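In listed order, ligands and their atoms are each counted from 1. Computed from a predicted structure; not experimentally measured.
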Amino acid sequence: MKPKKKGINTICTHVGEVHDEQFKGAVSPLYMSSSYAYKDVAVKRYPRYFNTPNQEALGKKIAALEHKEAGMLFGSGMAAVSACLLAFLHQGDHVVVQHDIYGGTYNFIVEEFEKYGISYDFTNGLTKADFESKIQKNTKVIYVETPSNPLMRIIDLEMIHGLAKKHNLVSMIDNTFASPVNQTPHDFGMDIIIHSATKYMGGHSDICAGAVAASEAHMEVLWNFAKNTGGSLSDYTVWLLERSMKTMAIRVKAQNKNAKKMAKWLAAHTLIKKVYYPGLKNHPNHALAKKQMKGFTGMLSFELLPKMDSSAFLKHLKLIKPSMSLAGVESTMLSPAETSHALLTPEARAAQGISDGLIRFSVGIEETKDLQQDITQALEAVAKQQQKILA
Ligand SMILES: *Cc1c(COP(=O)(O)O)cnc(C)c1O
């Protein structure tokens with residue numbers, strides 16, 4: 001592995017540019033061709049082969065950001081997740097999966113794996129024993145996501161790498177919540193790094209894409225599978241994503257800073273019961289987060305006091321948008337009980353630590369004083385309403 005040479009903002013801005021030899025334009029030209037000359041070339045270029053000029057160039061940026069040898073773009077985060085799992089798992093194989101992973105990944109595993117004859121186990125918790133106790137003779141892959149959604153739990157990546165090495169497993173991580181700005185899992189030995197580029201890489205809530213970084217050898221296995229299922233990203237979106245990624249590090253760092261400020265402010269608020277943010281000293285995994293992360297992300301969650309109606313709170317927000325997705329430059333909030341975890345019973349949610357008053361907060365780049373003002377007016381409106389009901 002080559003040592004990291006360039007700073008993150010330089011990688012974001014410059015690595016993997018397509019140079020405009022013809023007109024010397026400042027940005028990468030966009031090659032929309034779906035047909036390329038096949039004579040005298042080693043690799044035939046074709047959009048579904050993930051090797052058009054723009055795809056190849058942006059793959060280099062993804063690889064550089066994740067300290068890996070190779071990178072590849074996909075049509076969505078789930079196209080990347082599903083291709084990685086199915087490329088490395090065969091009939092009769094088994095995979096150990098962290099229990100609180102992204103809902104789409106959970107659905108993909110429980111709805112699709114049976115017909116391929118692939119078995120799986122979700123862990124009961126996040127300790128080494130929780131993972132190791134699920135490993136079987138035919139286990140081939142160990143799959144994690146940290147920080148986890150929505151409680152921002154941190155999984156020890158060195159521990160996962162240790163288990164993968166001991167039991168000869170391919171280790172995979174969904175690094176979407178952290179982004180490569182805050183966490184580079186390769187440095188802790190993780191093999192396959194997956195992103196929903198719809199989130200921090202895109203950053204403006206207007207792109208749906210996925211990305212994977214890995215060694216050349218692992219990427220060859222992935223490519224051999226992915227060219228057959230065809231989940232590539234359109235070159236126009238590749239080009240837009242390249243533009244977004246130039247500002248990724250400055251966006252994410254601003255979001256880290258805002259989230260930390262908001263977490264502290266919320267923790268001190270009399271109508272807020274609890275705040276979950278790995279950057280707070282009282283977060284149970286704060287020390288681990290400090291060890292393996294460069295920043296604590298723009299994601300946090302908090303619980304309103306039980307007497308406060310969380311859906312009324314979301315309705316009263318004026319600046320912050322109640323919204324399903326995350327990681328855009330604009331702040332958004334959602335209630336996991338009403339959205340991502342709505343299919344679970346209140347008891348099943350409680351068992352996972354998700355109360356009905358929990359709110360997930362994707363902190364944007366707005367001024368924190370404006371965010372605080374919006375939250376304050378919404379909390380006051382709900383408190384007033386509830387007093388009326390109680391009176
Ligand atoms: C959104 C998300 C995905 C899925 O990505 P899509 O681009 O929506 O397919 C996967 N993992 C995590 C952690 C996500 O937040």
Exercise. Would you find more than 12 non-hydrogen atoms of other residues, nucleotides or ligands less than 6.0 Å from Lys291 atom NZ?
Worked result: yes
Problem set entry | Tyr49, OH atom: more than 12 neighbouring heavy atoms under 6.0 Å | no
Exercise. Is Glu17 paired with Lys61 through a side-chain N to carboxylate O contact shorter than 4.0 Å?
Worked result: no
For this session: Run through Pro185, Pro180, Ser171, Cys84 and flag the one making a side chain to side chain contact (heavy atoms under 4.5 Å, CB included) with Ile193.
Result: Pro185
Exercise. Going by distance alone, is a donor N or O of one side chain under 3.5 Å from an acceptor N or O of the other, for His67 and Asp187?
Worked result: yes
Problem set entry | Pairing of Lys318 and Asp374 as salt bridge, 4.0 angstrom limit | no
Identify all pairs of nitrogen or oxygen atoms, one from ligand 1 and one from the protein, separated by less than 3.5 Å, and list them with distances.
residue, atom, partner, partner atom, Å
ligand 1, 5 (O), Ser196, OG, 2.9
ligand 1, 7 (O), Gly77, N, 2.9
ligand 1, 7 (O), Ser196, OG, 2.9
ligand 1, 7 (O), Thr198, OG1, 2.6
ligand 1, 9 (O), Gly77, N, 3.0
ligand 1, 9 (O), Met78, N, 2.8
ligand 1, 11 (N), Asp174, OD2, 2.6
ligand 1, 15 (O), Lys199, NZ, 2.7

